[in-house]
2 protein chains.
Amino acid sequence: MGVEARNRVRRGSGRPTLADVANLAGVGTITVSRALREPERVSVDLRQRINAAIDKLGYVLNPNARALASARADVIGVLVPSLTNNVFAEVLRGIHDGLGDTALQIQFGNTHYSTQEEERLLPVFLSQHPSALIVSGIDQTPATRRLLDEAGCPVVQIMEVGGDPVDMMVGFSHFEGGRTVTQHLIDVGCRRIGFIGARMDPRSLRRLSGYRAAMEQAGLFDAGLVTTTATPSSVSLGCELFRRARESAPDLDAVFCNNDDLAMGVLFACQRAGIAVPQRVCIAGFNDLDMMAVACPSITSVLTPRYEIGRRAITMAQDAIAGERPLEAVVDLGFELKIRESTDRPRC
Amino acid sequence: MGVEARNRVRRGSGRPTLADVANLAGVGTITVSRALREPERVSVDLRQRINAAIDKLGYVLNPNARALASARADVIGVLVPSLTNNVFAEVLRGIHDGLGDTALQIQFGNTHYSTQEEERLLPVFLSQHPSALIVSGIDQTPATRRLLDEAGCPVVQIMEVGGDPVDMMVGFSHFEGGRTVTQHLIDVGCRRIGFIGARMDPRSLRRLSGYRAAMEQAGLFDAGLVTTTATPSSVSLGCELFRRARESAPDLDAVFCNNDDLAMGVLFACQRAGIAVPQRVCIAGFNDLDMMAVACPSITSVLTPRYEIGRRAITMAQDAIAGERPLEAVVDLGFELKIRESTDRPRC
DNA sequence: TTGTACGCGTTATCAA
DNA sequence: TTGATAACGCGTACAA
């Protein structure tokens, strides 16, 4: 049977390919490929003809074919525990901004604060051979940890510093953050300082540890001052938890909230109950959302570098992809205590 | 030269492939492929041997190879204008939840409220041959519109209804939302009702149109009552815009805010300035974030179905991928006016 | 600087 | 129900 007789069936998408461009430009496919990736290595003449052909055909490179051939996708996988939490939304914004105009794509995964879900998600991400991986926190399961160790690509852990880094790390100490706020409340004369926390993910727990350390050192710790729940944080939950806290400790003279949503809720609850802030109860939050500075009264909080964490993480990842290892594999971006009206109390 | 003498070089990632599984199980590669995609069509016996081999090898399918061979990626592209805006974070949460346990992946793109960026991003998404596309709004550029028309996959436009649908649509009428709130303020006796808006994306503009329609119908419209800015919305910006609004209209007796962040800021500004809410100024927001119900006073707002929009969009997309066209290509999910203390004023 | 031949890992086609 | 073979579109190795 002659070749012509064999009814070859093409299965393609019908869109132009590298070969089509090469034909039109009268060059080899590899030259087109090179013109796309390393233009300097192709003569100006050919480059122009190739670009003209690309424009004429409306050619777009097929990333799947590239990933398959090069055993590496131009994708950076990002695993975060939440999308609705403003903190991670800001991290993602930082990542996007830090990305610049590179051809890299970001692929998000939402672990919903579950290490199990993270363990389930990671192989899916890995199966695409990402160029780098950004994961949240330092509390991975052993299986996840092993996958990360063998990922074969740069890995950046974000949000915290500490533990045993898989590779690189950007964050700050939540323990120190919690300790610092609590110490501030002690310094302004508060004695019955409550801790209100929601979700209680690993980072919340470390902020609680910081609170406890400061309280114990001052001889003020009392388990009855701690009110927590696994429920996701919200402003309304802050109201609710404050009521609960006042039940177990009616003499509360300050509250350190796990995050700003809760702090906002506590302020509203105080306003409704006619509790003067800061005269009768001081309030402090965590993260320093925009609204803390304009609330009435304005609320003391800890400014955390979440946007900067995203930017740094993506920069470190890109550098590592380019083969440039950072001088410091672990970057502590710190935090800043913002003292405001809600803790402005003349020291006793 | 004998075949053995040809020093074939394997370039792969080193990870097990479909062929490895086939060898171990003693079957052809295509049978393994089938066992993965359509298990019913493979005999129970072979299926078991294949699954055992997969487990033993720790085989994971290569999505790039699959996408290349089938000219279709198991990916749904999602284009949203913002990640930090709670509204879109909720939409994404709905999308994730609606996804269930399918093998589909979500690929996000952030257009930063720019139709230009959307036009730049879309070809990148299209180049992966996504199974479906979800895009925000109905105000695409002509070029974007053309690409969507020729995308060759289901397309869902979200957030709004109206205009000329590319394919499917889920949302609600922002015009009606704006009109309804404004009418409520008129109904409770307000006359000098200001509009405060930030960002002023197409949906904000349509809410403004709704405001204007209601005001004009009541013979109350006055351009001096409208205060807008292109700056992204925030609580602190709400404070600022309220001050500006009071300068051009000192007799303001109500404010309809573009969204809840601004409304919150207006409330704080009132508290600082000693302006009684709702006695001297009524406040209404848009979206009904959690905090509106617990603020002090609680704030009237329009509950928008953003989470449900995400869920519905992904469901419609999945159905369309499966070949089931929805009965209604355009779904209006409506909204709900939540009347609260901030507009609780005895009618004059 | 440019091209040829082939491999990447999977799926579609068609035959058995 | 199962399999051999070609095809998907691009990158790598090596030669020219």
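Each chain gets a letter, A, B and so on, in the order the sequences are listed, and its residues count up from 1.
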*asked:* For a quick check under 3.5 Å, do B:T144 and B:E118 share a side-chain donor-acceptor pair by atom type?
replied: no

*Which nucleotide in the set D:dG9, C:dA12, C:dT2 lies at the smallest distance from any side-chain heavy atom of B:R37?*
C:dA12

*asked:* Using whole Å, what does the distance between atom P of nucleotide C:dG3 and atom CG of A:N23 come to?
replied: 12 Å

*Above 12 or not: heavy atoms from other molecules or residues under 6.0 Å from CZ of B:R146?*
no

_Under 4.0 Å, heavy atoms only, any strand: does B:L18 hit a base, just the sugar-phosphate, or nothing?_
base

*Does B:S43 make a side-chain N or O approach to OP1 or OP2 of D:dT1 shorter than 4.0 Å?*
no

*Mind calculating the distance between CZ (A:R72) and P (C:dG9) to the nearest angstrom?*
13 Å

*For B:R15 and C:dT10, what is the distance between atoms CZ and P respectively, to the nearest whole Å?*
9 Å

*Report the distance from atom CZ of B:R41 to atom P of C:dT13, rounded to the nearest whole Å.*
12 Å

*For the side chain of B:V42, counting heavy atoms from C-beta on, which of C:dT10, D:dT2, D:dC8 is nearest?*
D:dT2

*Would you please say whether a donor-acceptor pair under 3.5 Å links the side chains of B:E119 and B:T141?*
yes

*Separation of A:E38 atom CD from D:dG11 atom C1', in whole Å?*
11 Å

_Tell me if the CZ atom of A:R37 is crowded by more than 12 foreign heavy atoms within 6.0 Å._
yes

*Out of C:dG9, C:dA12, D:dC10, which nucleotide sits closest to the side chain of A:T17?*
D:dC10

*asked:* Both B:G26 and A:R66 contact DNA chain D. Taking the nearest nucleotide for each, which residue is further toward the 5' end?
replied: B:G26

*Rounded distance (Å) that lies between atom C1' of C:dT2 and atom CZ of A:R47*: 14 Å

*Selection from C:dT10, D:dG11, D:dC8 that lies nearest to any side-chain heavy atom of B:L68*: D:dC8

_Judged by each residue's nearest nucleotide on DNA chain D, which is more toward the 5′ side, B:G28 or B:A65?_
B:G28

*Taking the side chain of B:A69 as heavy atoms from C-beta outward, which of D:dT1, C:dA12, C:dG9 is closest to it?*
C:dG9

*asked:* Could you tell me how far apart B:L36 (CG) and C:dA12 (P) are, to the nearest whole angstrom?
replied: 13 Å

_Residue mapping more 5' on DNA chain C - nearest nucleotide basis, B:N64 or B:I30_ = B:N64

_Are the side chains of B:V75 and B:Q105 in contact, using a 4.5 Å heavy-atom criterion?_
yes

*Assign B:R34 to base, sugar-phosphate, or nothing according to its heavy-atom contacts below 4.0 angstrom with the strands shown.*
base

*Under 4.0 Å: is that the gap between some side-chain N or O of B:T31 and OP1 or OP2 of D:dT2?*
no

*CG of A:N62 versus C1' of D:dG11: gap in Å, rounded?*
13 Å

